[in-house]
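Contents: one structure, followed by commentary.
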2 protein chains.
Amino acid sequence: MNENSSIRAKSGTNQEGTSAHNRRVMIEALRLNGALSRADLARATQLTKQAVSNIIEDLERDGLVVALDTVRKGRGQPSTPYRLVPEGAFAIGLQIDRHLTRAVVVDLVGSVLARAEANLPLDEPSEGVKVILGLIDGVRRELAGISSQSESRLVGLGVAMPGPFGLQNSDDKWMMPAWQKFPLLETLAAGTGLNVGLQNDAAACATAERIVGAAHGVDHAVSLYVGYGIAAGLILNGELYTGGNGNAGEIGRALLSPAGPGSTPLEHRASLASLYQHLGLDAADAHLYERMDALALAEDPKVMAWIKDAAHDLRWSVHLIETIFDPQTVILTSGAPETLARRLLEAMQPLLPSIADRPGRSLPRLQLGITDPWSIALGAAAEPISRAFDPRFSAILKTRSGGF
Amino acid sequence: MNENSSIRAKSGTNQEGTSAHNRRVMIEALRLNGALSRADLARATQLTKQAVSNIIEDLERDGLVVALDTVRKGRGQPSTPYRLVPEGAFAIGLQIDRHLTRAVVVDLVGSVLARAEANLPLDEPSEGVKVILGLIDGVRRELAGISSQSESRLVGLGVAMPGPFGLQNSDDKWMMPAWQKFPLLETLAAGTGLNVGLQNDAAACATAERIVGAAHGVDHAVSLYVGYGIAAGLILNGELYTGGNGNAGEIGRALLSPAGPGSTPLEHRASLASLYQHLGLDAADAHLYERMDALALAEDPKVMAWIKDAAHDLRWSVHLIETIFDPQTVILTSGAPETLARRLLEAMQPLLPSIADRPGRSLPRLQLGITDPWSIALGAAAEPISRAFDPRFSAILKTRSGGF
DNA sequence: TAATTAAGTCAAGCGGATTGACTTAATAGC
DNA sequence: GCTATTAAGTCAATCCGCTTGACTTAATTA
């Protein structure tokens, strides 16, 4: 309101920020390395043994880590390794797709403890929300049967749905226009009492790869998600990057060439939507997944023809991603059955020559990600876990209501 | 060496990290807002008045900030604004181009205090380095004449040259192959005794825009650099993003379409290299800049034809950048004279519809950046300043020799 | 059995932000 | 013109969390 509100500055920090960061660093180190002793942690994090000891003691009291049996490894006192306690935290993930919604509960290490799915009316979000709240309630009860502390350890609800978000003209079949206009996050927050976060489905796939997949512990990775649409999930500097308005990575809307206003967006040609069209399948078909799986297994000629064409465009996309992001690896993720995804990956070989073609690479240029159809819901659930427990710049800063 | 060296973890932090961050936050706040009182800073950074007072006292003693006259603004004790002291720090920036090298000295606020340029032999880096060291020595002496504390306040040497770096097959006219193979950074570090950092020229342009240009205080901005080659400089989350191997943003090598191995890279068609070829000019011509300026001013038909074609491809690039990065703004930067750059910008209008076309934008989708031909050297110099004084995650962490 | 090595604890110390009372210096209201 | 109010900034004590250095514990090596 007054002139001060216009001052732009980052927030400062204090000992609480320090401590929060160090706790997160410990948790990440245990997640990446399985089990570590206090001495290991001290070396790895550059903190003193004493500091680590205090932090581990705290984490143990909070039920986030637990000691294992001591191990003797040469001279000196045996060390006591610690590992994460999976039941230390839970999160619910929700995937909202065109004709389907899925909810899962995951724990601190990314294991799925409960799952449920239901059909969703594409154009009636107010009806759909009731279905969704029912689904969430179901998995939440299931969780309550597993852990007595389930409610106090539930860190949030992550939602994944097709992007991009917040556009003017959202009357576009790729974007589930009715849902875009609906106040979904507010409704879900009110209906569940949880913190709610939103990602697009490609970001959710990348988040899933980061917590339990090929991007685990990799600082620069891009997942190329081939679903109904196509998008990239960006892990940059070890964190999900979402851009200025949450829409980074919408590569499916990239034009295949500068040839003019009629130039085709990538996702019109290489997405599963294009496959459905090519095969004359209905996206609302309840057995779509099984049908695709069967066709891919049988090497159906129409499917193989689509794969060939799509691979051609996707090979270009990988080249583009490598050229623009310079990631350590690109991960192919998909809503399609594993057979189909694998055939697509094979058809993309050999990749185009690019700056990623360098001597001494430790990771493959392109690899197959998680093909489980539940991976988007898993990634959705992983987001609140990551927000609560992974080291990140914003976790160090003092919080504020609004502003910069 | 032993098994511990394979443990992956981020580094922890302590009160020194806290303090370092808070100092940087104060400096950034003053840079972005001009002058602020301690009370303003306390509100903006969420720290207490007392903490801010102590930090400002330190910064004042270190010669980085200075008090201005008190100002009365309504009730209460008048406030004492502080501003950055330009002479608080200096850095040297070096641009290495194909036939030319430029060195500048900049101060803490990004003003250029000294500049020098010389011709450079494209294929003889060992000769070239002598020229460069002479140039650096020259501006360094000039700085010594300006400030008695110049040496102690010199934070580093930033180098900008065309990328990408570290490829296998670097025998490519775009990459100055002889220079890529030469141990440039080591030689310059030994020859000057300064910390040396390297960026590609597009990154340097973006860094320049960040310190004194259109990206000042913008968290998500991409500069599209049209020089001999084409590349993008990426400001993501308020920091320069350089990718897994320092080569992020090499959009000039992106293929214009998936049409196969013969598909053209962008920079073969829309870069200044293509303009020189189109005009039959020699890139080594000492009066290249003036010739281009004259031709652009005169609306030479060949130049206008090139502009039309290049704008067509660049319009596509802007669309691609917006689609993939979702930045708040795209900045057109160039090694070309302002007249030419401005004509190019105009010819790119109207932009292609994209997800950046949203209601309530505060920044233009595309704007002209600094057109001063010294901006790359300025950006090169701004990098050590930014590394030393801007808030960033890595500045909070405890340092280590190698590793993750 | 003694020396060595490494894990981990103890207790004091220290750096840096926080807290709350206080001082200073202006404007607003009567 | 006096008084109340408001805001900037300081003082001194406190508190939080990492660091330091000595010490204990428990293994292997010679």
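In this text the structure is predicted, and so the values were computed from the model without any measurement.
Note on B/N14: every side-chain N or O is 4.0 Å or more away from OP1 and OP2 of D/dG17. For the pair B/S37 and D/dG9, the criterion of a side-chain N or O lying under 4.0 Å from OP1 or OP2 is met. For B/K398 and D/dT19, the shortest distance from a side-chain N or O to OP1 or OP2 is below 4.0 Å. Remark: A/S53 is in phosphate contact with C/dT9, judged by side-chain N or O atoms under 4.0 Å from OP1 or OP2. The shortest distance between the side-chain N/O atoms of A/R72 and the OP1/OP2 oxygens of C/dA6 is not below 4.0 Å. Residue B/T80 places none of its side-chain N or O atoms closer than 4.0 Å to OP1 or OP2 of D/dA8. Regarding contacts with the backbone of C/dA7, a side-chain N or O of A/R43 is found under 4.0 angstrom from either OP1 or OP2.
For the pair B/N22 CG and C/dG15 C1', the interatomic distance rounds to 13 Å; values are reported in whole Å. If you measure from atom CD of B/Q77 to atom P of C/dC22, you get 17 Å, rounded to the nearest angstrom. In this structure, A/N54 atom CG and C/dC10 atom P are separated by 10 Å, rounded to whole Å. The CG atom of B/L397 sits 15 Å away from the C1' atom of D/dC18 (whole-angstrom rounding). Here C/dG16 presents its P atom at 7 Å from CD of B/Q15, a figure rounded to the nearest Å. Taking atom CD on A/Q50 and atom C1' on D/dG21, their separation rounds to 11 Å, with Å as the unit. One interatomic measurement links the two molecules: CZ of A/R23 to C1' of D/dG17, which rounds to 13 Å at whole-angstrom precision. Spacing between atom OH of B/Y82 and atom C1' of D/dG9 amounts to 9 Å, rounded to whole angstrom units.
For the 3.5 Å distance criterion, the side chains of B/S19 and B/N22 fail to qualify, holding no donor opposite an acceptor.
Among the atoms of the strands shown, none is found under 4.0 Å from any heavy atom of B/T70. Here A/A51 lies in heavy-atom contact (under 4.0 Å) with a base.
Results of the side-chain contact (heavy atoms from CB on, under 4.5 Å) test with B/M26 over B/V65, B/L36, B/L47 single out B/L47 as the only residue that passes.
Between A/P78 and A/E16, the residue anchored nearer the 5' end of DNA chain D, judged by the nucleotide with its closest heavy atom, is A/E16. Residues B/G76 and B/A39 each lie close to DNA chain D; by heavy-atom proximity, the contact nearer the 5' end of the strand is made by B/G76.
Salt-bridge check for B/R61 with B/E57: failed, with every basic side-chain N at 4.0 Å or more from each acidic carboxylate O. A salt bridge does not link A/R210 to A/E239: none of the charged nitrogens lies less than 4.0 Å from a carboxylate oxygen. Salt bridge annotation for B/E28-B/R24: absent, with no cationic side-chain nitrogen under 4.0 angstrom from a carboxylate oxygen.
Here the nucleotide nearest the side chain of B/R75, chosen from C/dT27, D/dT29, D/dT20, is C/dT27.
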